[in-house]
Amino acid sequence: MSDALLAWYDVHARDMPWRVSPADRAAGICPDPYRIWMSEVMLQQTTVAAVRDYFHRFTARWPTVRDLADAPDEQVMGEWAGLGYYARARNLLKCARVVANDYDGQFPDTYDALLTLPGVGPYTAAAIASIAFDRPETVLDGNVERVMARLFDIHDPLPASKAQLKARAAELTPQLRPGDYAQAVMDLGATICTPKSPACGICPLRDPCVARQAGTAPELPKKTPKKPKPTRYGHVYLAQRADGAWLLERRPDKGLLGGMLGWPGSDWNDAPQPSPPFMAEWQALSSEVRHTFTHFHLILTVHSAELPDHMTPNALQILDKHDFRPSDLPTVMRKAYDLWRGQ
DNA sequence: CACTCGTGGCC
DNA sequence: TGGCCAAGAGT
């Protein structure tokens, strides 16, 4: 079965900036573990389309793991802004420094060693080991879970069925070309064996696929139902000085938007207490920011005022007009800025 | 195991 | 338009 998939991949492999094509790989070209690691971390719960530009900017700015390890935290967090799941960026930097300092700048080449690195879990360790180092490790991501559930018509819901799906995936992992095979399954899941209306008619695995025969492919994999998202509220405060400087805060590393730049503001809950960073005649903007996170909706009231000269409220920072880049902000904070700019 | 943790595209 | 979904990890 893996042979049919590899044959399909040889023809249909998608072009990605971090990928070595099957033809190039056959010619002896090896992937750069740094670029494989970078792409796999960026691709966690994130689409290829969203990752492309970020990958280009990161690798252009920091071509090697040592360059990244030497980068200041705020530059890396700013470059990651907008991509989401910011713990990935903090762990990316931690991991780069571990590789630079403890591994002489060379990524470890086994699953077990990779698994110890910050931000590298079971999926990413297997992906790097197989793609960058040709080790027959089994990757299990959302794509592989879906392909296996359909191929073997497994109706037990995720995440409980994960071990079962992993066992099936392991049986199919070949000793030869394990990296191409891993990418082939994921490409198949992304382009043919899609969550909705899978293209079974042109699938290289259509013959052995049990769910296709049973007609159950589109409804697999089953998943346990999710909890509804509550709505929370909050206030943010945009203060600009006459010379154009802005008042911002660096959020603590733990928790939501950890380590990112943001506007000072209230807690986010059912009925937040307004908490302006200094006394002034704050003006509430006429419309609000609406944003949805993984597990709640947020409605932000945006306030603005002029920042007096020579004032730096405790634990906050002033960014000069030319040092403030809206692109350094996480999206919810950039939405507040966009709203202010448009009023 | 269950929960936290972003964002944009899709229908 | 609101829920679903995406190459998951950490706690």
Side-chain angles (χ1 to χ4, degrees), chain A residues 13-14 16-19 35-55 77 80-92 94-95 114-128 130-132 137-147 157-163 166 169 179 181-191 193-198 218-219 221 223-232 251-260 262 268 290-298 329-335:
Chain A
R14 293 198 287 172
M16 299 179 196
W18 48 86
R19 178 174 281 179
R35 294 166 63 89
I36 298 302
W37 162 73
M38 175 85 68
S39 68
E40 290 300 342
V41 172
M42 288 183 169
L43 285 165
Q44 291 167 4
Q45 295 291 285
T46 309
T47 59
V48 170
V51 163
R52 265 208 171 81
D53 290 347
Y54 282 87
F55 179 83
M77 299 312 289
W80 196 277
L83 196 56
Y85 283 141
Y86 297 101
R88 293 185 296 172
R90 301 194 301 274
N91 285 327
L92 190 82
K94 271 190 204 170
C95 181
L114 287 161
L115 193 57
T116 67
L117 298 173
V120 177
Y123 163 76
T124 306
I128 299 172
S130 63
I131 297 170
E137 302 291 350
T138 301
V139 301
L140 189 70
D141 73 329
N143 290 304
V144 181
E145 287 171 354
R146 187 169 56 255
V147 171
L158 283 165
S161 59
K162 205 168 184 131
K166 170 101 181 200
Y181 171 78
Q183 296 175 92
V185 189
M186 294 190 284
D187 273 19
L188 186 77
T191 61
C193 195
T194 50
K196 294 168 188 170
S197 55
E219 63 193 64
K223 297 190 177 179
T224 53
K226 298 171 182 174
K227 291 189 353 183
K229 295 179 204 255
T231 297
R232 296 181 188 168
R251 299 174 62 89
D253 276 348
K254 302 264 181 189
L256 196 67
L257 309 179
M260 298 301 290
W268 298 345
R290 290 175 176 275
H291 191 76
T292 298
F293 292 102
T294 312
H295 52 294
F296 66 94
H297 303 288
L298 178 66
L329 297 173
T331 299
V332 64
M333 298 296 177
R334 191 180 44 71
K335 282 184 180 177

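Heavy-atom basis, side chains included; hydrogens, waters and symmetry copies ignored. We name chains A, B, ... by the order of the sequence lines, and we start the count at 1 in each one. Please read all numbers here as calculations on a predicted model, not as lab measurements.
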With A:Lys162, which residues qualify under salt bridge (Lys or Arg N to Asp or Glu O under 4.0 Å), at least two apart? A:Glu145
Can you sort out the partners of A:Arg19 under salt bridge (Lys or Arg N to Asp or Glu O under 4.0 Å), two or more places apart, ordered by chain and number? A:Asp187
Atom pair distance, as rounded to whole Å: [atom1] in [X] and [atom2] in [N]:
X        : N     : atom1 : atom2 : result
A:Met186 : C:dA6 : CE    : P     : 14 Å
A:Leu115 : C:dA9 : CG    : C1'   : 10 Å
A:Arg88  : C:dA6 : CZ    : P     : 15 Å
A:Asp141 : C:dA6 : CG    : C1'   : 9 Å

Spacing of the P atoms in C:dC4 and B:dC3 (rounded, Å): 16 Å
Taking C:dA9 as the reference, what is the distance to B:dG8 when you measure between their P atoms (whole Å, please)? 22 Å
Expected rows: protein N/O vs nucleotides 1-5 of chain C N/O, under 3.5 Å:
none

Donor-acceptor contact below 3.5 Å, side chain A:Thr194 vs main chain A:Thr191: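 The answer is no, because no donor-acceptor pair under 3.5 Å joins these two groups.
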Indicate yes or no for a side-chain donor-acceptor contact from A:Arg90 to the backbone of A:Asp253 under 3.5 Å, with no hydrogens or angles considered. yes
Less than 3.5 Å between a donor and an acceptor, one on the side chain of A:Thr46 and one on the base of B:dG6, is that the case here?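 Side chain to base: pair found, below 3.5 Å.
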Is there a donor on the side chain of A:Tyr123 or the base of C:dG8 sitting less than 3.5 Å from an acceptor on the other?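 Result: no qualifying N/O pair found.
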Using a 4.0 Å heavy-atom cut-off, does [X] contact any base of the nucleic acid, only the sugar-phosphate backbone, or nothing at all?
X        : value
A:Met16  : base
A:Thr292 : base
A:Gly82  : sugar-phosphate

Considering just the side-chain nitrogens and oxygens of A:His291, establish if one lies under 4.0 Å of OP1 or OP2 belonging to B:dT7. yes
May I ask you to verify if any side-chain N or O of A:Gln45 is less than 4.0 angstrom from the OP1 or OP2 atom of C:dG8?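 It does, given that an N or O in the side chain of A:Gln45 lies less than 4.0 Å from OP1 or OP2 of C:dG8.
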Considering residues at least two apart in sequence or located in another chain, which fulfil the side chain to side chain donor-acceptor pair (under 3.5 Å) criterion with A:His297?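 For A:His297 the side chain to side chain donor-acceptor pair (under 3.5 Å) partners, ignoring immediate neighbours, are A:Thr292.
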A:Ala87 vs A:Ala160, nearer the 5' end of DNA chain B by closest nucleotide: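 Upstream on the strand: A:Ala160.
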Quick note, A:Arg334 side chain, CB onward, closest among B:dT7, B:dG8, B:dC5 is B:dG8
Report the residue (A:Gly142 or A:Lys94) whose heavy-atom-nearest nucleotide on DNA chain C is the more 5′ of the two. A:Gly142
What nitrogen or oxygen pairs link the protein and nucleotides 2-4 of chain B at under 3.5 Å?
none

Return all side-chain donor-acceptor pairs below 3.5 angstrom for residues 40-55 of chain A, not counting sequence neighbours, or 'none' if the list is empty.
from, atom 1, to, atom 2, distance (Å)
A:Glu40, OE1, A:Tyr123, OH, 2.6
A:Gln44, NE2, A:Gly119, O, 3.3
A:Gln44, NE2, A:Thr124, OG1, 2.9
A:Thr46, OG1, A:Met42, O, 3.4
A:Thr46, OG1, A:Gln44, O, 2.9
A:Thr46, OG1, A:Arg88, NH1, 3.1
A:Thr46, OG1, A:Arg88, NH2, 3.4
A:Thr47, OG1, A:Ala50, N, 3.3
A:Arg52, NH2, A:Asp15, O, 2.5
A:Tyr54, OH, A:Ala81, O, 2.8
A:Tyr54, OH, A:Leu83, N, 3.4

